[in-house]
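Encoded as C-alpha cells, the structure appears first; notes follow it.
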Protein chains: 2
Amino acid sequence: MSILERVQAVAESLTRAEHLLVREVIAKPRDVALGTASSLAQRTGVHEATASRLAKKLGFESYANFRDAIRQEFIVKAGPATRVRNTLEAAAQNGDILNELIAREVEALTALPDYVDSSRISDAVKALTAARRVFIFARGNAVTLSTMLARRLLRMGVEVEVLSGDGRDLAEQMLGIGADDVMVLFVFRRQPRHFAPLVERAHHVGAGTLAISGSIGPALTPAPKLLLSAPRSGSNDSFQTLTVPMAITNALVLMMAQMNQDATLERLETLGELISNFESR
Amino acid sequence: MSILERVQAVAESLTRAEHLLVREVIAKPRDVALGTASSLAQRTGVHEATASRLAKKLGFESYANFRDAIRQEFIVKAGPATRVRNTLEAAAQNGDILNELIAREVEALTALPDYVDSSRISDAVKALTAARRVFIFARGNAVTLSTMLARRLLRMGVEVEVLSGDGRDLAEQMLGIGADDVMVLFVFRRQPRHFAPLVERAHHVGAGTLAISGSIGPALTPAPKLLLSAPRSGSNDSFQTLTVPMAITNALVLMMAQMNQDATLERLETLGELISNFESR
DNA sequence: CAGAATATGCAAGCTAACTTGCAAGACATA
DNA sequence: TATGTCTTGCAAGTTAGCTTGCATATTCTG
C-alpha cells in the first residue's frame, strides 16, 4: 500500500495541520525521507508531535516506519536502476509509454532555448503590452493553448478576442481589428486555411501578428511580424504534444506579468514571489 | 572533500575491520546512507563501535555527520533534482524566466514516475475503454486539459460529455449518468465546490471516477475510485503549470490507443509508429 | 618469545529523536 | 452563548542509536 493510497484512505479525517504535513511530504518526499520528524514539522510550521501522530493515523506503527516507507518509495524504488529506464531508448525498448513520453518531453524542453530566446519573447511581450486588444486564433488541438492564453491575459486585464468559427464568422470578428491591436496565432502541423487571410488582413490595417508554433513556424506565409517557434516533442511523424508551445506561452505570460510589475511596483526577486502575487486566489 | 578522497587520505592507516566497513560503504553507499551505524556494522561483521570510530578517523565529527555526507553525495547529489538545480539557480539569479521555467518543468516531469506508475494508468485506461460514456469535469485553468482530453477521446470514438455550468446545470447534465459510465475530474489547487456532490452522485449510481490532479490528489474527498496525481512544477506556493498533468493525460490517451490497437491489430513496436498510425490526418 | 602498541568488542553512558498524557485553544452544535 | 468535541502544542517520558572507557585479543618489534 503506497503512501498516496494511505493518505487517500484517511483523506476525510485529515486535520488542517495534518494536511499541511501531507502536502510537504508529497511535494518534497526526498527531503522528508532524509530528515527528522522535527525538521518536517518545523518547515511545515506545526509541532513535531503532530507529525508523529500523522504517521500513526496513516497506519504506521511509528514515525520511523513512516519515514522508512517514504524512503522505500521515493529513494530506493526510484534509485539509479530505474533512472536507466528513463532514457529514451530503454523506455522505447520496453514499451514503457509513460517514461518514453517523459523522456521525449524533457528532450524537447531542453532544446527549447536553442530556438526561442528571451529577447524574442521580450519583443512579443512589448507588443502585447502595448496592444489595445489581443485577438487569438487557433485550430484543432491548438485551441487548448488559445483558451489558456486567453484566460491568463484576461486575468491581467488585457482585452481579449478569441476568434472562432469559419469563413464568414471569422471575417466578421476581424472587422474591428485596428493598427493598435495584435493577433496571436497558434499554428502546428499544417498551416490552416484561414491563416493567410487573417495575417494579411492584420498587416493591411497595421496590426501586429505573433505566431506561436512548432517546426513549421519559419515556413508560414505570409510571415508573421513576430515568431516564437520550436520543435515539439517527438520526431516529425510521431506523436506531438503541446508541452513545448505551452512552455513558450507560459514564459510569455510570466515575462509579461514581470514587466508590468517592473513598471509599477518594485521588482520582485524570484519567480515564486512574482507569481504568488500575480496568481493569488 | 568527497568520501572517497577522505578514504584515500587515511588509506594507509586503515585497520582490517575498518577496511571491511569502507568496502561496504563503497559497494552499497545508498544502503549505508539509509541505515544506522549498527546495521552497517552487523552486515560487515564488526562492532558498531568500530563504525563510529571510522567516522571520526575519516575526519567527521560524528557518525551522523559521516552518514549525512554519504547521503549528500549518493542520494541528494545523484537525485533528479540536482541535475537541474544548477540551471535553475543560475537562471533564477539572472532573472532568466524562460530557462528557469524550463528547468522547473524538467524537474517536475522527471519526478512524475515516482508518483504515477504505468499500472495505475492501465487501470484508468481499462475503465475508460469499458465505459459507455465519459463525463469530464474541470474548473478554472484545468478546462484547458478537459478540452484536450475531450477532443482526443472523441477522435477515438468515445462518447464524451463535458460538464459545464454551475449547480443546477451540472445537476441536469448528471441526470443521465449510469453504472456503465466513468467521470474524469481535473482538480488542482483547492477542491472545487462541486467536486464532492459529483463524485458522490457517480458512486451512488455505480459509475467509475478518475481524478487527474496535483499534490492535493490524495487529499480529495470523497476519494475517487482511480487517482492519477503528481505534483506540478514549482513549489507549493509559486507558479504552477499544467505540464505535468498534461503529460499524464497524454500518457493515458496513448496507452488507450495502444490497448485498442492490441485488441485488433498486431502490436506496433514503437510509440512513433503507434501514433503516426493513430493520429494520421 | 617478551613486551609494547594497536585493534576490537563489550557495556554503560549519553544524546537526539520520537511518543504520549495533559491542558489550552479552536470550532462546531444546540 | 454555553457546552462538548476535536485539534494542537507543551513538556515529560521513553527509546533507539551513537559514543567512549575499559578489558581482551591481536599484531608488531626487538
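In what follows, every chain begins at residue 1, and chains take the letters A, B, ... in the order their sequences are listed. FYI, side chains are in, hydrogens and waters are out, and symmetry mates aren't considered; it's all heavy atoms of this structure.
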Between C1' of C:dG9 and CG of B:L54, the distance in whole Å: 16 Å
With sequence neighbours excluded, residues passing side chain to side chain donor-acceptor pair (under 3.5 Å) with A:S38: A:E48
Any B:K56 side-chain nitrogen or oxygen under 4.0 Å from OP1 or OP2 of D:dT20: yes
All pairs passing side-chain hydrogen bond (donor to acceptor under 3.5 Å, both in side chains) where residues 243-252 of chain B contributes a residue, at least two apart: B:E105-B:T243, B:R152-B:N250, B:T241-B:T243
Short side-chain N/O contact to D:dT19 OP1/OP2 from B:S52, under 4.0 Å: yes
Residues from residues 58-67 of chain B lying under 4.0 Å of DNA chain D - heavy atoms: B:S62, B:Y63, B:R67
Pairing residues for B:A127 by the side chain to side chain contact (heavy atoms under 4.5 Å, CB included) criterion, not counting sequence neighbours: B:V182, B:L226
Partner residues of B:F74 under the ring-ring contact (aromatic ring centres under 6.0 Å, His included) criterion, sequence neighbours left out: none
Contact pattern, 5' to 3', of nucleotides 3-11 of chain D - B, S or - by protein heavy atom under 4.0 Å: ----SSBBB
Which residues share a ring-ring contact (aromatic ring centres under 6.0 Å, His included) with B:F60, sequence neighbours left out: B:F66
Interatomic distance, B:L40 CG vs C:dG9 C1' [rounded to whole Å]: 16 Å
Interatomic distance where NE2 belongs to B:H19 and C1' belongs to C:dT6 [whole Å]: 18 Å
Contacts of type side chain to side chain donor-acceptor pair (under 3.5 Å), residue A:K57, not counting sequence neighbours: A:E18
Residue list, side chain to side chain donor-acceptor pair (under 3.5 Å) with B:D117, at least two apart or on another chain: B:S119
Straight-line distance of B:L145 CG to B:I212 CD1, nearest 0.5 Å: 8.0 Å
